[in-house]
Undergrad: 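Sharing a structure here in structure tokens format.
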Amino acid sequence: MKNPKRLLVASLLLAALSVKAQNTKQTFVSNLIKRMTLEEKIGQLNLLTSDMDVTGPFMKPGYKKDIEAGLCGSIFNAYTAQYTRQLQEMAMKTRLKIPLLFGYDVIHGHKTIFPIPLGEACTWDMALLEQSARIAAQEASADGLHWTYSPMVDIARDPRWGRVAEGVGEDTWYGTQVAKAKVKGYQGSDLSANNTVLACVKHFALYGAIEAGRDYNTVDMSRRQMYQFYLPPYKAAIDAGVATVMTSFNEIDGTPATANKWLLTDLLRKDWGFKGFVVTDYTAINEMISHGNVKDEYEAGAAALNAGVDMDMQGGIFAGQLKKLLKDGKVTQKEIDSAVYRILAAKYDLGLFQDPFKYCDTTRAKEIMSAENLAAAQKIAERSIVLLKNENQLLPLKKDAKIALIGPLANSQRDMIGNWSAAGDYSKAVTLLEALKQRSANVTYVPGAYYTADTTLLKRATQKYRLEAADTANSQQMLAEAVALAKQSDIVVMALGESQGMTGEAASRSNISIPENQQQLLKAVYATGKPVVLVLMNGRPMTLEWEDAHIPAILETWFLGTRAGNAISAVLFGDYNPAGKLTMSFPRNVGQIPIYYNHKNTGRPLNPDNKYSTKYLDTDNEPLYPFGYGLSYTKFTYGELKLSKQQITAADKLQVSIPVTNSGNYDGEEVVQLYIRDLVGSVTRPVKELKAYKKIALAKGETKTVTFDISVEDLKFYDKDMRWKAEPGDFTVFVGTNSRDTQSAGFTLK
Ligand code: BGC
């Protein structure tokens, strides 16, 4: 329909229909609220966990009684079409038959598990990121769920924090792209379809900036820093129509996010226009007492509702306190009614009032872990792998090589699906050992070591999952077996790193190297003189200086999900040529943290010949592997960078182009990255900021010219008066294969 008149008529018609739908919804929900008692209203603000899973510090027993009494409007940690039907039937027996909403942490897949988000981000492929969210939503909705607690878009510059595994990495602009793709994937274009779910952007806000990388710690940040670097990914999710927002555990400006009215009302609702509902993180209202901004649960409940919270996750505070708070005039009827409205509106959008059982359809079981979903998981896993080093083209492996496979992670199904793989079934995960054996008869495996010999670390990491037990008694013998096996082989593949329990929530580490006993194993095998391929499995950037200096080939594989083994072996044997690029810098040592590529220049930029310039005496400023870094089996040669103009106005577009040639021996993909620096600003600007990228496929010998259009929008920032603006002046544009190795050229904005 190209006719402009018809297009106009069609869009007017759509707008009219949507106004009509809004009106119908408003009437329905408002009428329902009129019929509700105060207890029933408060019940809608109460979210309780079922006993199928535990994702926080305590359980409130008796959630079924609350459902039956109409005192609980939503449940999390309950899934399967059968179980949610059973609970929904209870809700249907209550006076007003208001359907329950079922939420869950569907973080990187539901049953088919995709790479951990930090790994998946390394694909630099938004279509794939959207696809994995779409599949997750499809499987979750086929398994009784309405609502996922994803995406997590907390920008993080500190790899000690275990939750970097769940996020997008350190870059703000990249984070906005991921946020959009994920919301679109989960929610689709129609929430009332039976295979879409509500998304929940989290943790609002700034959780990635906790001090010292220690989970649940304090955040202290200037407004400028928030607006420029930390808030945009959440905002992008709001703009993409995310239905719900989860508050963070940390404080902001001395007030916990869950009690922060500026954050939840002024910024989120008034400035950003968010219309959905706000849920707290797990017991975040109760935790205010420990934070010390309130004295008791009574004050905590008032602080949360007054700030703009709609739903209390597992704290029971709204359920226990709101009635009295209302009577005492500490909260208003309007605040309660607005929260109820937003929650009922979300249930309405899902179509639950029409059919409360629409997600309890057991015939949809075949949609879960289908062959298609598993194939997508493998494709995405392959594309998440980052080749960190490949000296003398040690990889890909020769088909007939005699391979020694060594390391505790090579044969661990549980670790393959990583942390926060809540409903994931690890018994279906393919390990590296299994996948390599399917390909080659020349593979022999010994573990060589346990995850760690540090029993304190082990105990703390495995509080929840008791699958990593260490018996350190025979560690010497294990090491000797590994060395003996290495000696008899042509090449050694070593799967080392962190167990999944050493990453994720409540899994901060002050030392982010490969655990010492695994390093000893690596060093002993290296000493045999056999070529070693290090296959890293881990949930965060690690410190790898020794490994980088000695081991010829290093592959970063994160925790890749259900098809991890297949994906790694496809890369090891060269069936897929790796193309992943890091979205978080790998420091040389923990002393460099926080470390990120888009830092400021300082008044004394690094000058190796000047003692009084910004530097360390004992290490470099640069990370070991920078943001955007990742190698390929082939070689990409960048030609000359060209700009269409030297000067642009606010109305112009600047064309930046560069020819890229595949000058190596394999077909491959390359992520061509564009960064910009604003040389002089009314406030200081970062040395480089990612503004665009293109992922291209190049056959052996092929050249493609990559062109980017830069507009004034790409030059905007929060100026001295906090206006989002571009300032006239000189800029540098950088294009290259990562944030460090670039070519540059200058232009001026008139
Ligand atoms: C986490 C959230 C999660 C919630 C529910 C909390 O501990 O911080 O990310 O969604 O639990 O399981």
Side-chain angles (χ1 to χ4, degrees), residues 46-60 63 72 74-79 101-110 116-118 133 136 140 145-156 161-168 179 182-183 186 197-210 213-219 233-234 237 242-251 256-258 277-288 290-291 309-316 418-424 463-465 501 503-508 539:
N46 189 21
L47 165 64
L48 295 177
T49 178
S50 92
D51 44 14
M52 268 183 99
D53 204 348
V54 189
T55 51
F58 76 80
M59 299 271 305
K60 182 179 177 295
Y63 65 96
C72 166
S74 305
I75 290 288
F76 69 120
N77 294 335
Y79 58 95
L101 181 71
F102 293 106
Y104 200 44
D105 290 284
V106 181
I107 307 297
H108 49 113
H110 180 59
I116 55 166
L118 184 64
L145 294 166
H146 308 143
W147 180 28
T148 172
Y149 302 144
S150 173
M152 187 277 223
V153 294
D154 302 326
I155 294 303
W161 189 40
R163 300 198 80 167
V164 300
E166 293 173 52
V168 293
K182 287 290 171 193
V183 172
Y186 289 130
V197 296
L198 308 173
C200 181
V201 69
K202 70 187 191 187
H203 305 84
F204 193 60
L206 323 181
Y207 189 20
I210 46 166
R214 205 183 63 233
D215 214 354
Y216 316 122
N217 204 2
T218 301
V219 171
Y234 310 111
V242 74
T244 71
V245 170
M246 187 185 294
T247 65
S248 57
F249 287 127
N250 54 279
E251 66 174 58
T258 308
F277 73 82
V278 174
V279 62
T280 70
D281 202 344
Y282 204 112
T283 59
I285 306 182
N286 317 52
E287 292 172 23
M288 285 182 204
S290 300
H291 274 290
V309 167
D310 300 306
M311 191 186 276
D312 172 1
M313 184 193 284
Q314 182 59 7
N419 209 272
W420 267 137
S421 43
Q463 262 175 13
K464 214 162 109 189
Y465 299 108
T503 77
E505 185 173 349
S508 298

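Atoms within each ligand, like the ligands themselves, are counted from 1 in listed order. Numbering starts at 1 and runs along the sequence shown.
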Undergrad: When you compare ligand 1 with Trp420, is there at least one nitrogen or oxygen pair between them that comes in under 3.5 angstrom?
TA: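 Looking only at distances, the answer is no, because the N/O contact criterion of under 3.5 Å is not met.
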
Undergrad: So is Met313 touching ligand 1 or not, going by heavy atoms under 4.0 Å?
TA: yes

Undergrad: Evaluate the side-chain proximity of Lys202 to Ser248: yes if any heavy-atom separation is below 4.5 Å, no if none is.
TA: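 No, side chains not in contact.
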
Undergrad: What distance do Met152 atom CE and Lys182 atom NZ have between them, rounded to the nearest 0.5 Å?
TA: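 The distance works out to 13.0 Å.
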
Undergrad: With a cut-off of 4.0 Å, which atoms of ligand 1 are near a heavy atom of Tyr149?
TA: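 Once the distances to Tyr149 are compared, the set is 10 (O).
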
Undergrad: Please step through side chain to side chain contact (heavy atoms under 4.5 Å, CB included) for the pair Trp420 and Ile116, ending with a clear verdict.
TA: CA-CA 8 Å; Trp420 267 137; Ile116 55 166; over 6 Å; no

Undergrad: I want to know if ligand 1 touches Glu166 in the polar sense, i.e. an N/O pair below 3.5 angstrom.
TA: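 Between Glu166 and ligand 1 (N or O atoms, distance only) the closest approach is not under 3.5 Å.
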
Undergrad: Taking only heavy atoms of Lys202 into account, list the atoms of ligand 1 that are under 4.0 Å away from them.
TA: 2 (C), 3 (C), 9 (O), 10 (O)

Undergrad: Is there a polar contact, in the sense of an N or O pair closer than 3.5 Å, between Glu505 and ligand 1?
TA: yes

Undergrad: Determine whether the side chains of Tyr207 and Asp215 contain a donor N or O and an acceptor N or O closer than 3.5 Å.
TA: yes

Undergrad: So, using side-chain hydrogen bond (donor to acceptor under 3.5 Å, both in side chains) as the criterion, who are the partners of Ser74 when residues are at least two apart?
TA: none

Undergrad: Need the ligand 1 atom indices (1-based, order shown) with element for anything under 4.0 Å from a heavy-atom of Asp281.
TA: 1 (C), 2 (C), 3 (C), 4 (C), 6 (C), 7 (O), 8 (O), 11 (O)

